[in-house]
Amino acid sequence: MRFRQFAFNNIRRNTFTYIAYFLSSSFAVMTFFTYLVFVFHPDILKTPIGLPASYGMKVAACITFIFSFLFVLYSISAFLKARLKEFGILTILGAHRKQLNYLIFLENMFIGTASVITGMFCGLLFSKLFLLFGENVLDLKLPMYVPMNAVWITIAAFMGLFLILSFMTTIFIRQRKALEMVQGSRRPKKEPKASIWLALLSVVSLILAPILVSQDGFIYISLALLFDMIGVYFFFTQLFVVIIRLLKKNRRYSWQGLNLLWITELAYKMKDSARMFFMITIVATMACTTAGSVLAIQRYIEYTYTENPFAYTVHHYNSDIDTKTNKKIIPVAEKLEQTLKREGITYQKFRLNTVDIRFKHLGYLDLIRQSEYQEIAKTLSCPNVSLQDREALFIPSNLDPLMESTDTLTQLSFVNQKLSSKIEKLKIKHQYTESLLQRENLVVVNDQTYDQILKALSSDPYTISQRDQYLIPKWNDQILPDVNSIEVQMGAELSSWEKTFFDHDKVALDGYIMSRAEDYYSMKQVTSLTIFIGVFIVAIFSIFIASFLYFKLFIDLQHDQRYYHELSKMGLSQKEMRKAATKQIAFLFYIPLFFSGIQTLVALSALNPLFPVATSTISTGLRAIGIFTAIQTVYFLIVRSRYLAQLKRVMV
Amino acid sequence: MGMLEIQKLSKIYNGKVSTRALNNIDLTIEQGEFVGIMGASGSGKTTLLNMVSTIDTPSSGKILINNQNPHQMKKNQLAQFRRRQLGFVFQDFNLLDTLTIAENIVLPLTLEKKSLKEMDEKLKAVAEKLGIVEILNKRTYEVSGGQRQRAAIARATIHSPVLLLADEPTGALDSKSSRNVMEMMEKINQTDGTTMMLVTHDPLAASYCHRVVFIKDGELYNEIHRGQNRQEFFQEIIDMLSFLGGNAHELSAVRV
Ligand SMILES: Nc1ncnc2c1ncn2[C@@H]1O[C@H](COP(=O)(O)OP(=O)(O)OP(=O)(O)O)[C@@H](O)[C@H]1O
Ligand SMILES: [Mg+2]
């Protein structure tokens with residue numbers, strides 16, 4: 001029998017050991033391939049969001065590949081560990097190292113090639129589904145195409161990967177002694193060691209990190225990140241072992257029912273792959289934090305739409321700038337009104353003249369005349385307050401939270417010297433939160449005060465910005481528009497009309513139109529794409545975590561089966577076995593999740609002040625964690641049932 | 001009525017070729033008796049022990065322990081029966097290598113949720129009796145085979161089982177450790193009155209029993225009782241073994 005035949009037969013006979021390795025490799029290939037089919041889709045690049053998005057997608061592709069690499073690396077080492085004994089016996093029977101290396105190399109290449117082919121084939125089927133899903137989320141047409149790019153890149157990347165891994169594993173084997181190999185994973189494991197000091201360092205770091213996050217400043221944030229990493233790393237490598245040791249010292253707890261069984265085993269399992277658990281925690285945190293922020297941004301974008309009562313705003317350029325050129329001036333407001341009339345849409349128009357004035361503590365606020373405000377207030381039924389001289393109605397925007405709370409504020413003081421000497425201060429008669437002019441914070445004063453302020457400013461350069469706000473009652477139903485809605489389409493039409501005048505040398509516009517629907521919709525597409533890619537990455541990642549834990553459990557399965565078999569002879573019932581094993585697996589699944597949940601919340605609460613209350617990052621963060629937990633729970637249940645079924649077989 | 005009643009017990013392993021491992025065994029063991037089971041390799045000793053220890057189910061026949069038939073119990077009930085009434089010592093893999101010796105020994109008690117005080121008392125008593133006090137906090141791979149086996153006996157007896165079952169407990173030990181382990185078993189049998197059933201290849205170990213039952217090809221072949229002298233009994237066993245089929249040298253080559 002030729003050696004190559006031997007290698008091939010070896011795979012055929014040890015089907016079950018190989019199948020896990022083969023499946024996980026195929027899975028890695030499949031996800032990577034599917035993703036590439038999406039990234040290289042010709043129609044994605046043609047869309048307006050295509051170019052910036054494709055950059056992000058390439059980064060995501062790299063991340064996917066790194067995951068795959070680690071994943072395959074891990075499965076290969078798990079696989080080799082399971083077969084160490086076989087290698088040892090072959091060595092003792094007189095197989096040369098060279099032959100052994102050749103055997104391993106051939107095996108890996110067989111499995112590698114097979115899984116690249118299988119993975120791509122499944123990926124081809126799966127990517128049709130994936131593109132359909134993409135079409136729905138992104139409102140794009142994404143027909144299936146012949147993904148030659150994806151095929152070549154996948155083949156090159158993964159064949160290269162398997163080649164490298166094959167060489168690496170021969171090195172891995174070379175370092176083992178024959179005896180060690182024969183004993184394989186059956187050798188009694190040394191008790192996990194840990195240092196009290198490093199465990200304490202972990203505790204201190206874990207306490208410091210959230211404290212530092214709550215401070216302002218980049219240096220604190222980076223320090224917090226550092227401490228957090230240290231804390232989590234030493235948690236898994238040291239603190240956890242110490243905690244288990246303390247738990248075991250407390251015999252009242254540990255010598256009680258099943259505790260002795262699962263606590264001890266847990267310490268071994270955790271310590272064995274502490275680094276992997278650390279990595280899982282960090283990446284899961286990153287995933288949840290990003291997801292939380294993107295969801296918050298999306299909520300925020302929706303909120304800017306629903307909170308803005310005006311469908312269109314026309315900003316007028318300062319007239320004296322345009323008169324200097326001899327271009328023909330086209331009034332944009334007229335164009336907008338014509339378009340609205342053509343479609344038979346009734347509207348109300350409000351003209352506003354605002355001035356940016358800087359106030360102490362609060363920065364620039366927009367000053368408005370009471371007479372102009374009153375008209376809007378009447379239509380939108382906002383509070384109408386009669387204002388005396390030097391009294392103000394303060395309307396902070398709910399889209400742009402001010403750094404400090406203004407609830408107890410009683411007056412507004414100017415920064416400008418002239419204003420503070422002539423007008424002194426404005427007394428706040430009333431205030432309420434609303435976004436009348438999107439992110440602008442408004443100060444309403446009566447007409448006389450308004451004029452006085454302008455007069456006082458006259459020697460300084462100041463600008464009045466003039467704008468027309470268009471209220472279209474029909475569209476204010478709080479329903480988010482989709483691509484086919486007339487509001488979005490009209491917005492798009494107007495913006496492409498505007499574009500035709502950019503850099504025109506004969507004509508110029510006297511202002512520009514802002515359509516809330518158009519703004520909302522184009523931003524929404526960016527976040528949708530991000531979420532779409534994000535979901536994909538998180539899904540892959542969580543599958544990787546689950547299969548890692550699956551491997552972890554199944555490498556130890558032989559040991560665990562012996563363990564529970566002995567216990568079962570002693571009279572451990574099946575119910576008790578299920579309980580003890582479930583607790584163990586649950587800890588393995590949920591401890592990293594618990595940590596990343598806390599870290600995500602801490603990180604997002606640091607980001608929270610940047611967002612309005614209604615779109616808090618905390619709630620979206622909780623949602624992200626919740627979804628992630630739900631996915632992991634599904635895997636937990638699957639892995640648990642498979643594992644318990646295996647253990648049940650040895651129960652007598 | 002004995003404390004262990006085996007009636008017309010048969011076991012057939014169904015496989016590609018069916019094996020009749022046990023055929024129509026009748027055996028009674030009295031309360032407090034110490035019985036050895038011997039026979040050639042493959043004669044069905046382990047099979048018999050597994051039936052009694054309820055790890056395996058008989059094809060036909062009945063087993064009564066204290067008038068209870070464990071094979072009619074439900075699974076969880078059976079597990080409980082095993083851990084309250086029975087104790088086991090096996091040739092290897094007795095102890096869990098992730099636990100210390102002490103933890104291994106108290107394991108049956110922790111499963112029963114006994115109080116810490118009771119566990120400590122019992123642990124101390126059994127460890128002193130078996131002379132393993134100083135290794136209690138060691139791990140299983142840090143102690144000798146003989147000590148490991150004594151720890152296994154400690155675990156098998158800490159909950160005062162009515163019946164102690166041992167399958168070649170001295171199989172992996174040298175004769176000095178074997179003797180030591182057997183003396184411990186004898187001591188427990190005498191002081192606690194625990195009924196014991198011991199499967200062994202080793203005439204030396206068997207000579208500590210009150211009675212030795214010989215099995216051949218799955219059937220009861222003969223039995224001999226011990227008189228006053230253990231040395232004499234030992235010789236009788238050797239003779240019996242050589243009579244049993246010329247393979248006495250094979251059997252005794254294992255030990256002595
Ligand atoms: N699980 C099984 N399936 C099929 N046949 C079995 C099984 N276990 C034992 N046997 C067969 O039953 C017979 C008795 O086996 P048993 O293990 O009881 O022998 P033993 O007397 O304990 O031998 P040894 O002294 O070698 O331990 C043997 O022929 C054996 O091949
Ligand atoms: Mg046997």
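By convention in this document, chain letters (A, B, ...) are assigned in the order of the sequence lines, proteins followed by strands, and residues within each chain are numbered from 1.
Contacts of B:N50 with chain A are absent, with no heavy-atom separation under 4.5 Å from either backbone or side chain. Within the 4.5 angstrom heavy-atom criterion, only side-chain atoms of B:L116, from C-beta onward, approach chain A. If you measure heavy-atom distances from A:S254 to chain B, you find no contacts under 4.5 Å at all. At a 4.5 Å heavy-atom cutoff, the contact between B:K113 and chain A is made by backbone and side-chain atoms alike.
In this structure, the separation between OG1 on B:T54 and CG on B:L78 is 4.0 Å, given to the nearest 0.5 Å.
For A:F589 and A:F636, the distance between ring centers is under 6.0 angstrom. Separation of the A:F235 and A:F595 ring centroids falls under the 6.0 Å cut-off.
In this structure, A:K569 is positioned above the aromatic face of B:F90, its NZ or CZ under 6.0 Å from the six-membered ring centre and within 45° of the axis.
In this model, a donor atom of one side chain and an acceptor atom of the other lie less than 3.5 Å apart for B:T46 and B:D167.
Between chain B and the options A:L567, A:L260, A:L572, A:T264, the largest number of non-hydrogen pairs under 4.5 Å is found for A:L260.
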